[in-house]
Amino acid sequence: MTEQNIQGIREHMIINGKAVEISHGDRIPVYNPATGKVIAHQGEAGAAGVDLAVKAAHQALTNSEWTHMLPAQRERLLLKLADLLEQNADELAQLETANNGKLLSI
């Protein structure tokens with residue numbers, strides 16, 4: 001993994017579970033605070049991106065399948081998420097370490 005091109009960093013927004021390229025042209029650099037080096041560039045959302053994200057969040061809270069699920073169904077999904085996090089723990093640790101500038105203790 002190089003400092004300039006860290007694999008796994010997405011340079012787009014995720015809104016309503018989909019990769020979205022809504023930007024009014026500006027790209028914001030993402031820095032590793034420990035080194036000061038740019039590790040990615042993120043599109044600036046602007047008003048349209050923020051609106052889309054807020055609408056998606058509101059719909060998820062009011063009309064989603066999640067709100068109608070039984071607790072046991074939610075539990076199964078959360079356990080699946082936990083399994084996926086464990087399966088990808090090394091990559092996630094590398095990404096978050098670069099993002100917050102801390103040392104990774106193994």
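Grouped by direct or indirect side-chain proximity (heavy atoms under 4.5 Å, Ile/Leu/Val/Met/Phe/Trp/Tyr only), Trp66 sits with Met69, Leu77, Leu78.
The structure places CG of Asp90 at 11.0 Å from CG of Leu95, a figure rounded to the nearest 0.5 Å. Rounded to the nearest 0.5 angstrom, Leu84 CG and Leu79 CG are separated by 11.0 Å. To the nearest 0.5 Å, the span separating OG1 on Thr67 from CZ on Arg74 amounts to 7.0 Å. Taken from CG in Leu92 to CD in Glu86, the straight-line distance is 11.5 Å, to the nearest 0.5 Å. With rounding to the nearest 0.5 angstrom, the CG atom of Asn32 is 9.0 Å from the NZ atom of Lys37.
Here the shortest heavy-atom pairing between Ile15 and Ala56 reads CG2-CB, 3.9 Å. His41 approaches Val38 most closely through the heavy-atom pair CE1-CG1, 3.4 Å.
Atom CD of Gln59 has 12 or fewer neighbouring heavy atoms from other residues, nucleotides or ligands inside a 6.0 Å radius.
With hydrogens and angles ignored, the 3.5 Å screen pairs no side-chain donor or acceptor of Glu91 with any backbone N or O of Asn88.
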